[in-house]
Undergrad: 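Here it is: the structure, laid out below.
Being a predicted model, the structure only gives us computed values, none of them experimental.
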Amino acid sequence: EVQLQASGGGLVQAGGSLRLSCAASGFTVDYAIGWFRQAPGKGREGVSCLSSSGGDTYYADSVKGRFTISSDNAENMVYLQMNSLNPEDTAIYYCVAGPLLFSLGTQCSIDNAMDYWGKGTQVTVSS
């Protein structure tokens with residue numbers, strides 16, 4: 001059984017940083033894992049993903065240069081380091097995963113391509 005447990009959200013001032021963590025378990029095939037977010041009144045947006053086989057990462061244009069995704073395979077953890085946060089980053093962030101069926105960029109852009117969603121964690125950036 002696949003399980004995703006996200007943590008690390010909170011309230012931060014604009015320009016600040018947060019690190020989200022996701023404990024992942026139960027995978028048996030090559031998969032994509034990462035983060036989607038949903039801001040108030042908006043649809044879900046793929047933020048960043050990586051492939052379990054390693055070496056391939058994806059970032060939405062809105063977070064390139066500010067966010068970094070990484071993994072610790074020994075601990076089955078995935079992290080999202082978020083720097084230079086701005087109020088537009090305010091959203092519920094979800095750790096998501098699914099079998100890697102498409103290119104990573106495609107899979108990380110389509111919420112229906114991700115089969116597994118963890119409980120969201122709130123990130124609020126004040127101006």
Undergrad: Who are the ring-ring contact (aromatic ring centres under 6.0 Å, His included) partners of Tyr93, not counting sequence neighbours?
TA: none
Undergrad: Considering residues at least two apart in sequence or located in another chain, which fulfil the salt bridge (Lys or Arg N to Asp or Glu O under 4.0 Å) criterion with Asp111?
TA: Arg44
Undergrad: Suppose we screen for side chain to side chain contact (heavy atoms under 4.5 Å, CB included). Which residues come up paired with Tyr31, at least two apart in sequence or across chains?
TA: Phe27, Ile33, Ser52
Undergrad: Might you point out which heavy atoms bring Met114 and Cys108 nearest each other, and give the distance in Å?
TA: CE-CA, 4.5 Å
Undergrad: Which heavy-atom pair separates Ser21 from Trp35 by the least distance, and what is that distance?
TA: O-CH2, 3.4 Å
Undergrad: Donor-acceptor pairs under 3.5 angstrom involving side-chain atoms of residues 120-127: please list them, not counting sequence neighbours.
TA:
unit_1 : atom_1 : unit_2 : atom_2 : d
Thr121 : OG1    : Gly9   : N      : 3.2
Gln122 : NE2    : Ala91  : O      : 3.4
Gln122 : NE2    : Thr124 : OG1    : 3.3

Undergrad: Donor-acceptor pairs are to be reported for all side-chain atoms of residues 99-106 against protein atoms at under 3.5 Å, with residues two or more places apart or in another chain.
TA:
unit_1 : atom_1 : unit_2 : atom_2 : d
Ser103 : OG     : Thr106 : N      : 3.3
Ser103 : OG     : Thr106 : OG1    : 2.9

Undergrad: Under the criterion ring pair (Phe, Tyr, Trp, His ring centres under 6.0 Å), which of Tyr94, Tyr58, Trp117, Tyr116 is the partner of Phe36?
TA: Trp117
Undergrad: Once salt bridge (Lys or Arg N to Asp or Glu O under 4.0 Å) is applied, do any residues pair with Arg19, and if so which ones, sequence neighbours excluded?
TA: none
Undergrad: Locate the shortest heavy-atom distance separating Ser62 from Glu45; write the atom from each residue and the value.
TA: OG-OE2, 3.2 Å
Undergrad: How far apart are the closest heavy atoms of Ala113 and Gln107, and which atoms are they?
TA: O-NE2, 3.0 Å
Undergrad: Of all heavy-atom pairs between Leu18 and Leu85, which one has the smallest distance, and what is that distance?
TA: N-CD1, 3.8 Å
Undergrad: Between Thr90 and Ala39, which heavy-atom pair has the shortest distance, and what is it?
TA: O-CB, 3.5 Å
